[in-house]
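As a basis for the values below, the full set of heavy atoms in this structure was taken, side chains included, without hydrogen atoms, waters or symmetry mates.
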Amino acid sequence: MGFFDLFKKKSVPAAPAKPAGIEADAAVDVLCAPVSGRAVKMHDVPDPVFSAEMMGKGCAVYPDCDVVYAPIAGTVGVLMPHAMGINTPDGIEVLVHIGVDTVDMNGDGFTSLVAQGDAVKAGDPLVGIDRAKIAAAGHPDCVVVIVTNTADYASVDMLVEPESQVAGGQKVLKVTK
């Protein structure tokens with residue numbers, strides 16, 4: 001390395017490209033699977049707060065992919081590396097939570113693809129996940145989708161059979177006024 005090499009601009013690696021969105025079959029009252037994988041009832045999520053539906057009704061999907069997509073259109077409210085809230089124009093408040101006890105990972109293994117305040121449509125990429133890091137940390141990697149204001153609705157019903165394989169973007173929850 002010569003003296004003048006000290007003044008050359010160092011190349012900065014480019015940010016990873018944002019993954020493309022997926023086709024989603026959502027509607028104003030229908031939420032889609034945020035990932036492809038095995039769908040389970042909330043009662044089968046290995047966390048007492050989720051399984052007792054203390055935060056609201058919903059379902060979870062054990063992913064077979066490494067990108068989490070928006071289950072419905074709205075605005076990103078709360079944003080943490082492992083979870084985000086989406087508020088729809090019609091008043092549905094949705095929590096997408098990646099893994100169980102993954103807050104302990106302090107963001108390691110999660111790459112946010114949106115910012116707080118962003119408008120998203122169903123199927124837009126939200127978070128990149130490193131499932132190997134989640135597993136190495138000893139946490140289940142299920143992606144939980146919860147209607148946190150369940151009490152405002154007559155029902156929140158799972159549209160797929162528990163333990164069935166779902167595709168990201170497939171209808172999984174129906175919210176009834």
Side-chain angles (χ1 to χ4, degrees), residues 15-16 18-37 39 42 45 47-61 63 65-130 134 139-159 166 168-177:
K18 187 173 182 177
I22 58 171
E23 196 165 316
D25 201 14
V28 295
D29 59 350
V30 173
L31 283 72
C32 302
V35 291
S36 297
M42 286 294 286
V45 174
D47 179 281
V49 172
F50 293 138
S51 65
E53 297 181 334
M54 290 181 200
M55 297 185 74
K57 293 186 179 201
C59 68
V61 180
C65 57
D66 55 7
V67 176
V68 177
Y69 299 91
I72 197 162
T75 303
V76 177
V78 176
L79 180 62
M80 296 173 270
H82 69 286
M84 73 264 346
I86 299 173
N87 301 310
T88 74
D90 295 308
I92 300 173
E93 298 170 4
V94 178
L95 173 66
V96 179
H97 193 284
I98 304 159
V100 173
D101 295 329
T102 49
V103 68
D104 296 343
M105 296 177 66
N106 297 315
D108 187 32
F110 303 92
T111 304
S112 185
L113 303 171
V114 294
Q116 188 170 0
D118 283 358
V120 295
K121 60 184 186 310
D124 282 353
L126 297 175
V127 179
I129 59 174
D130 186 329
I134 295 170
H139 302 298
D141 65 356
C142 59
V143 180
V144 181
V145 180
I146 302 169
V147 175
T148 58
N149 61 339
T150 294
D152 295 345
Y153 298 94
S155 67
V156 176
D157 301 302
M158 197 166 167
L159 297 174
V166 295
Q170 179 180 337
K171 295 176 184 179
V172 291
L173 291 173
K174 168 89 169 131
V175 180
T176 305
K177 272 267 189 210

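For the pair C32/V172, no side-chain contact is recorded, criterion being any heavy-atom separation below 4.5 Å from C-beta on. Side-chain contact check for F110 versus D130: every heavy-atom pair is 4.5 Å or farther apart. Counting heavy atoms from C-beta outward, V144 and L95 have side chains that stay 4.5 Å or more apart. Side-chain atoms of V61 and V166, non-hydrogen and from C-beta on, do get closer than 4.5 Å to each other. Between T111 and V127, the closest side-chain pair of non-hydrogen atoms is not below 4.5 Å. Residues I72 and V120 form no side-chain contact, since every pair of their non-hydrogen atoms from C-beta on lies 4.5 Å or further apart.
Taking each heavy atom of P19 and L113 in turn, the nearest pair found is CD-CD1, 3.7 Å. Between V114 and P125 the shortest heavy-atom distance is CG1-O, 3.6 Å. Minimum heavy-atom separation, C142 to P63: CA-CD, 4.2 Å. In terms of heavy atoms, G74 sits closest to P89 at CA-CD, 4.2 Å. In terms of heavy-atom proximity, T75 sits nearest to G117 at CG2-O, 3.6 Å. Closest of all the heavy-atom pairs between A122 and A26 is CB-CB, 3.5 Å.
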**Q.** Test log, rule side-chain contact (heavy atoms from CB on, under 4.5 Å), inputs H139 and V100
**A.** CA-CA 6 Å; H139 302 298; V100 173; 5.5 Å; no
Q | Derivation of the side-chain contact (heavy atoms from CB on, under 4.5 Å) call for D104 and N106 | A | CA-CA 5 Å; D104 296 343; N106 297 315; over 6 Å; no
Q.
Walk me through whether I92 and Y153 qualify under side-chain contact (heavy atoms from CB on, under 4.5 Å).
A. CA-CA 9 Å; I92 300 173; Y153 298 94; 3.3 Å; yes
Q: Take I86 and L126 through the side-chain contact (heavy atoms from CB on, under 4.5 Å) test and state the conclusion after the steps.
A: CA-CA 11 Å; I86 299 173; L126 297 175; 4.1 Å; yes
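Side chain of T148 to main chain of E93: a donor-acceptor pair is present (N/O by atom type, distance under 3.5 Å, no hydrogens or angles). Counting only distance, with no hydrogens or angles, the side chain of T150 and the backbone of K57 share a donor-acceptor pair below 3.5 Å. No donor-acceptor pair under 3.5 Å is formed between the side chain of D108 and the backbone N or O of M105. Between the side chain of N149 and the backbone N or O of G91, at least one donor-acceptor pair lies under 3.5 Å.
Atom OG1 of residue T102 and atom CD1 of residue I129 lie 9.5 Å apart, to the nearest 0.5 angstrom. Annotation: the span from I98 atom CD1 to D141 atom CG amounts to 10.0 Å, rounded to 0.5 Å. Considering CG of L31 and CD1 of I146, their distance stands at 11.5 Å, rounded to 0.5 Å. To the nearest 0.5 Å, atom SG of residue C59 and atom CE of residue M42 are 8.0 Å apart. The CG atom of D47 sits 9.5 Å away from atom CE of M55, with the distance rounded to the nearest 0.5 Å. Atoms CG and CG, from L173 and D29 in turn, are 11.0 Å apart once rounded to the nearest 0.5 Å.
Qualifying side chain to side chain donor-acceptor pair (under 3.5 Å) partners for D124, counting only residues two or more places apart in sequence or in other chains: K121. Scanning for ring pair (Phe, Tyr, Trp, His ring centres under 6.0 Å) contacts around H82 gives H97, with sequence neighbours left out.
D157 and S155 share a donor-acceptor pair across their side chains, judged by distance under 3.5 Å alone.
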